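Have a look at the structure below, then the notes.
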Number of protein chains: 2
Amino acid sequence: MKHNSNVPAFLTKLWTLVEDADTNELICWSQEGNSFLVLDEQRFAKEILPKFFKHNNMASFIRQLNMYGFRKVMHIDTGFVKQERDGPVEFQHPYFKHGQDGLLENIKRKVSNTRPEDNKIRHEDLTKILASVQSVHSQQENIDTRLAALKRENEALWMEISDLRQKHAHQQQLIKKVVKEQNTVLKSGQPNITMLKNYKASSYYLSKPV
Amino acid sequence: MKHNSNVPAFLTKLWTLVEDADTNELICWSQEGNSFLVLDEQRFAKEILPKFFKHNNMASFIRQLNMYGFRKVMHIDTGFVKQERDGPVEFQHPYFKHGQDGLLENIKRKVSNTRPEDNKIRHEDLTKILASVQSVHSQQENIDTRLAALKRENEALWMEISDLRQKHAHQQQLIKKVVKEQNTVLKSGQPNITMLKNYKASSYYLSKPV
DNA sequence: GGTTCTAGAACC
DNA sequence: GGTTCTAGAACC
């Protein structure tokens with residue numbers, strides 16, 4: 001086979017291993033050549049695995065298979081006979097086929113980065129949301145302050161208006177009296193002391209309310 | 001041992017299995033009695049496991065051990081000799097001890113509900129946070145509206161006050177003139193037409209500003 | 001990228 | 001709660 005450097009060692013080793021006729025007693029292609037069988041798990045693990053890998057554990061071998069997207073082929077029994085205890089184990093991958101080592105480069109190792117990324121994204125989302133909430137909260141406080149100030153100003157303005165209206169009405173009354181007085185004076189030729197008193201009283205209202 | 005119904009079958013079977021002297025060749029207590037050893041994984045799996053469980057897979061056995069909180073005891077080699085390939089496998093649990101079957105009821109199976117619950121809780125948290133943000137947002141809009149209304153009212157009040165102050169000043173001037181006029185009248189005995197004009201003009205300012 | 005221990009999830 | 005397949009995570 002071509003030694004394609006893009007293909008991980010595990011895949012080339014596995015393909016060679018399955019292809020090799022010397023080990024067909026323990027691991028070989030299925031009849032269709034689209035999956036492989038481990039005929040004796042225990043002997044395979046102890047005799048074959050350490051020749052190719054740094055261990056002799058079936059579990060580690062299976063972990064690698066799953067890491068590269070291989071799936072165990074489940075044997076649905078005919079419903080009558082229970083699956084035999086130590087039957088062969090079969091694994092399959094769409095790009096792992098007898099005689100077609102060129103397909104191997106399509107097999108990609110599952111990167112462990114995918115899931116941590118998801119968690120990071122979720123964590124970042126939470127962080128952003130919390131920051132947003134805090135931002136809105138401080139804005140709220142800011143607006144509350146402004147609202148309270150406006151309310152106070154508003155009340156003060158209403159008070160001043162009430163005050164000014166009162167003064168206005170008083171002055172209006174005062175003017176009426178003055179005019180009336182003047183008319184009276186024009187008729188009688190006599191001045192009126194009351195008008196002067198009212199005028200002095202009205203000047204008190206010129207001061208701004210607290 | 002007491003058949004405590006609170007203790008899952010796996011734990012009683014395991015404890016019995018380890019305690020049983022007949023199987024000490026394949027599985028037994030450690031010297032200290034606070035852990036157990038599987039001396040020959042392969043024979044143990046094929047010969048012992050099916051006698052107690054519904055399988056003969058070491059992987060399934062280990063999965064159960066981890067499910068109940070057992071931990072594999074790692075053998076730190078002296079740094080010189082590499083760990084022998086097929087050395088015994090050792091597992092330990094704080095409540096799994098030689099001769100103390102009473103402790104077994106403290107061993108709890110890890111419920112698979114925990115993780116989905118966590119995810120649910122996280123999802124619920126997200127939902128709550130989003131609801132909270134939306135709530136704050138609508139409050140914000142409410143306050144914004146009230147703030148704008150107050151601002152408008154405030155501006156109108158300032159205008160009315162400005163208007164009233166003007167009217168007040170005008171009236172003040174009018175009164176001064178009237179008084180002055182009256183004094184003049186008192187001295188000359190002649191009326192003044194200007195004052196009456198001013199009085200009518202001041203009444204215009206009584207209308208409220210728009 | 002490889003190896004190991006532990007856990008998730010589906011199915012029973 | 002038990003069994004099986006697959007995946008996560010830590011360490012190398």
Side-chain angles (χ1 to χ4, degrees), chain A residues 4-14 35 38 41 45 49-50 52-77 79 82-83 85-87 89-93 104-105 107-120 122, chain B residues 5-14 35 38 41 45 49-50 52-77 79 82-83 85-87 89-93 104-105 107-120:
Chain A
N4 192 328
S5 62
N6 292 333
V7 179
F10 174 76
L11 292 177
T12 60
K13 286 178 182 176
L14 177 63
S35 67
V38 175
E41 223 177 302
L49 281 183
F52 290 80
F53 307 101
K54 298 172 189 152
H55 62 85
N56 63 352
N57 303 313
M58 194 64 188
S60 296
F61 180 65
I62 293 175
R63 184 70 194 91
Q64 279 286 64
L65 288 173
N66 286 324
M67 197 80 93
Y68 281 96
F70 283 76
R71 313 288 297 189
K72 186 169 187 177
V73 178
M74 303 303 290
H75 295 113
I76 316 288
D77 294 328
K82 221 181 173 186
Q83 183 167 353
R85 265 265 154 66
D86 298 301
V89 192
E90 188 173 354
F91 280 92
Q92 165 271 338
H93 189 288
L104 292 183
E105 62 188 14
I107 305 180
K108 298 303 174 190
R109 190 180 197 265
K110 294 176 184 176
V111 276
S112 65
N113 297 340
T114 52
R115 296 312 171 94
E117 255 178 31
D118 287 353
N119 290 334
K120 275 183 186 172
R122 283 177 189 168
Chain B
S5 62
N6 292 334
V7 179
F10 175 77
L11 292 175
T12 60
K13 287 178 181 176
L14 177 63
S35 66
V38 176
E41 223 176 300
L49 282 183
F52 290 78
F53 306 103
K54 298 172 190 153
H55 62 83
N56 62 353
N57 303 312
M58 195 62 189
S60 295
F61 180 65
I62 292 175
R63 183 69 193 93
Q64 278 285 64
L65 288 173
N66 287 322
M67 196 82 95
Y68 281 97
F70 283 77
R71 314 288 295 189
K72 186 169 186 176
V73 178
M74 304 302 291
H75 294 114
I76 318 288
D77 296 328
K82 220 180 171 185
Q83 183 165 354
R85 267 263 153 69
D86 300 298
V89 193
E90 188 172 354
F91 280 91
Q92 166 271 339
H93 189 290
L104 292 183
E105 61 189 15
I107 304 180
K108 297 304 174 190
R109 189 180 198 264
K110 294 177 183 174
V111 274
S112 64
N113 297 340
T114 51
R115 296 311 169 99
E117 255 178 31
D118 286 354
N119 289 334
K120 276 182 187 173

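Letters A, B, ... mirror the listed sequences (proteins, then strands); counts begin at 1. Bear in mind that the values here come from a model prediction, so they are computed numbers and not experimental data.
- Spacing between atom CG of B:Leu65 and atom P of C:dT6 amounts to 9 Å, rounded to whole angstrom units.
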What nitrogen or oxygen pairs link the protein and nucleotides 1-5 of chain C at under 3.5 Å?
{"residue": "C:dG2", "atom": "OP1", "partner": "A:Phe10", "partner atom": "N", "Å": "3.1"}
{"residue": "C:dG2", "atom": "OP2", "partner": "A:Gln64", "partner atom": "NE2", "Å": "3.3"}
{"residue": "C:dG2", "atom": "OP2", "partner": "A:Tyr68", "partner atom": "OH", "Å": "2.5"}
{"residue": "C:dG2", "atom": "O5'", "partner": "A:Gln64", "partner atom": "NE2", "Å": "3.4"}
{"residue": "C:dG2", "atom": "N7", "partner": "A:Arg109", "partner atom": "NH2", "Å": "2.9"}
{"residue": "C:dT3", "atom": "OP1", "partner": "A:Lys54", "partner atom": "N", "Å": "2.7"}
{"residue": "C:dT4", "atom": "OP1", "partner": "A:Asn57", "partner atom": "ND2", "Å": "3.4"}
{"residue": "C:dT4", "atom": "OP2", "partner": "A:Asn57", "partner atom": "ND2", "Å": "2.9"}
{"residue": "C:dT4", "atom": "OP2", "partner": "A:Ser60", "partner atom": "OG", "Å": "2.5"}
{"residue": "C:dC5", "atom": "OP1", "partner": "B:Lys72", "partner atom": "NZ", "Å": "2.8"}
{"residue": "C:dC5", "atom": "OP2", "partner": "B:Lys72", "partner atom": "NZ", "Å": "3.0"}

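- In terms of the side chain to side chain contact (heavy atoms under 4.5 Å, CB included) criterion, residue partners of B:Arg71 (sequence neighbours excluded) are, by chain and number, B:Gln92.
- Rounded to whole Å, atom C1' of C:dT6 lies 14 Å from atom CD of B:Gln92.
- Residues satisfying the side chain to side chain contact (heavy atoms under 4.5 Å, CB included) test with B:Glu41, not counting sequence neighbours, are B:Met58, B:Val89.
- Residues passing the side chain to side chain contact (heavy atoms under 4.5 Å, CB included) test with B:Lys13 are B:Ala9, B:Phe52, B:Phe53, sequence neighbours excluded.
- Residues satisfying the side chain to side chain contact (heavy atoms under 4.5 Å, CB included) test with B:Leu11, not counting sequence neighbours, are B:Val7, B:Pro8, B:Tyr68, B:Phe70, B:Ile107.
- The side chain to side chain donor-acceptor pair (under 3.5 Å) check on A:Ser35 picks up A:Ser30, A:Glu90, with sequence neighbours excluded.
- If you take CD1 of B:Ile62 and P of C:dT6, they are 9 Å apart, rounded to a whole angstrom.
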